[in-house]
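In what follows, chains carry the letters A, B, and so on, assigned in the order in which the sequence lines appear, proteins first and then strands, with residues in each chain numbered from 1.
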Amino acid sequence: MEKTFDILGKILCIVFLWQAYNSLFVQPSDMHQGEVYRIIYLHVPAAFAAFALAFVLFGVSIYGLVTKNLNAEFWGRAVAEFGFIFTLLTLITGSIWGRPTWGVWWTWDARLTTTFILAVLYAGYLLLWSSMTPGMARIKSTGILGVLIAVDVPIIYKSVTWWRTLHQPPSMMREGGSTMAPEILSHLIWCIVVLSLIALYLSWKRMQNLRIERMIEVKTLNQMRA
Amino acid sequence: MGMNTDPWPFIWSCYVIGALAVFGSLLWVSLHRRKLDSLMNVLKEEK
């Protein structure tokens, strides 16, 4: 089973390369933004991956708080690490897109600020995890923070409708249907699916590493005591 | 966007960073796993 997931994960990474080629050379130019719009095929999927991981972290945190299963610790750390990486990717690609489009690398508008807060929350989770010793206290503390992190995601999503922002309003999931051309929308959806699955795959691999690392620590301690 | 701004450096830099994020992460977890597996084997042999 593990080998199958591993192979599927690596295939997904190759699909990511094919999608990048498609995004750069095959997709048509945008009527308003020209070529620079191609960044959305990376920026939007990275954002969705970061949000998906926030919801996984929510589920893992609830699981840990309710069942007190120590595996929740490893999943929490792994998911938070890649949630942080994909949030940073969202912010960086968004900033690079913003420079030629808006003329600025950064602005404190609602969407950007709430996404920045998500990155800070993920970093805070990782710092909290690292500062505590393994056990129930860490599961409880990180579990509570993991639940709170997921609260930021709907705020990020609604920020462009609740406040006046520089960031454009939703063009995919909106009342009256998407404003995007069908070929652009379908390719974007596939990019979102693939990158989100890659994020889950990387989190799963990292979780396994953390679990093995703990086993090695325990075995080493037992051997030293013996 | 300004008429004279070439968008391609911006586009390429995003995709390079994205590829580094995905493949760099894959390389990191894979190499770390290899190191952990060899450490585990050493511990099993010592036992």
Side-chain angles (χ1 to χ4, degrees), chain A residues 6 9-10 12-13 16-17 20-21 23-24 29 32-43 45-46 49 78 81-82 85-86 88-89 92-103 194-195 198-199 201-213 215-216 219-220 222-223 226, chain B:
Chain A
D6 212 17
K10 289 183 169 118
L12 277 172
C13 293
F16 169 79
L17 282 178
Y21 171 81
S23 305
L24 289 166
S29 302
H32 303 290
Q33 295 185 35
E35 304 295 340
V36 81
Y37 95 100
R38 295 175 193 280
I39 293 173
I40 66 155
Y41 293 122
L42 187 54
H43 171 71
E81 282 177 350
F82 285 103
I85 288 170
F86 281 94
L88 280 185
L89 185 61
I92 291 168
T93 52
S95 173
I96 294 171
W97 177 84
R99 180 70 180 115
T101 312
W102 300 330
V194 168
L195 200 59
I198 287 174
Y201 164 68
L202 290 169
S203 302
W204 171 70
K205 281 193 75 80
R206 177 64 177 147
M207 181 279 301
Q208 290 185 313
N209 287 1
L210 289 168
R211 203 162 58 183
I212 294 171
E213 214 171 43
M215 281 163 58
I216 290 172
K219 272 187 190 296
T220 309
N222 288 341
Q223 282 186 359
Chain B
M1 196 170 89
M3 292 291 283
N4 297 325
T5 309
D6 180 8
W8 285 102
F10 296 96
I11 299 168
W12 277 113
S13 56
C14 281
Y15 279 84
V16 166
I17 290 167
L20 282 172
V22 170
F23 290 97
S25 299
L26 183 62
L27 193 64
W28 170 53
V29 291
S30 301
L31 290 176
H32 190 211
R33 177 62 185 265
R34 266 199 217 174
K35 180 184 157 189
L36 291 171
D37 285 343
S38 65
L39 274 171
M40 192 62 118
N41 288 337
V42 165
L43 279 172
K44 282 179 184 168
E45 279 166 21
E46 277 180 8
K47 209 176 174 186

Whatever's closer than 4.5 Å to a heavy atom in chain B on A:Leu42 counts as both
Top of A:Arg206, A:Glu213, A:Glu81, A:Arg99 for chain B proximity - count of heavy-atom pairs under 4.5 angstrom
A:Arg206
Between B:Phe10 and A:Thr101, is there a side-chain heavy-atom distance shorter than 4.5 Å?
no
Less than 4.5 Å apart, any side-chain heavy atom of B:Ile17 and any of A:Ile96?
yes
Quick check for you: to the nearest 0.5 Å, what is the distance between B:His32 atom NE2 and A:Ile212 atom CD1?
9.0 Å
How long is the straight-line distance from CG of B:Asp6 back to CD of A:Glu35, given to the nearest 0.5 Å?
9.5 Å
Between A:Leu202 and B:Val22 the two heavy atoms that sit nearest each other are CD1-O, 4.3 Å
If you measure from OG1 on A:Thr93 to OH on B:Tyr15, what distance do you get to the nearest 0.5 Å?
9.5 Å
Measuring from atom CG of B:Leu26 to atom OH of A:Tyr201, what distance do you get when rounded to the nearest 0.5 angstrom?
5.0 Å
When every non-hydrogen atom of B:Leu36 is compared with those of A:Ile216, the smallest separation belongs to O-CD1, 3.5 Å
What residues form a ring pair (Phe, Tyr, Trp, His ring centres under 6.0 Å) with B:Phe23, not counting sequence neighbours?
none
Interatomic distance, B:Cys14 atom SG to A:Leu24 atom CG [nearest 0.5 angstrom]:
10.0 Å
Kindly write out the residues that satisfy side chain to side chain donor-acceptor pair (under 3.5 Å) with B:Lys35, not counting sequence neighbours, or none if the list is empty.
none
Based on non-hydrogen pairs under 4.5 Å, which of A:Leu88, A:Asp6, A:Leu17 is most in contact with chain B?
A:Leu17
Nearest-0.5 Å distance that lies between atom NZ in A:Lys205 and atom OG in B:Ser25
12.0 Å
I'd like to verify something: which residue of A:Ser23, A:Gly9, A:Ala46, A:Cys13 has the highest number of heavy-atom pairs under 4.5 Å with chain B?
A:Cys13
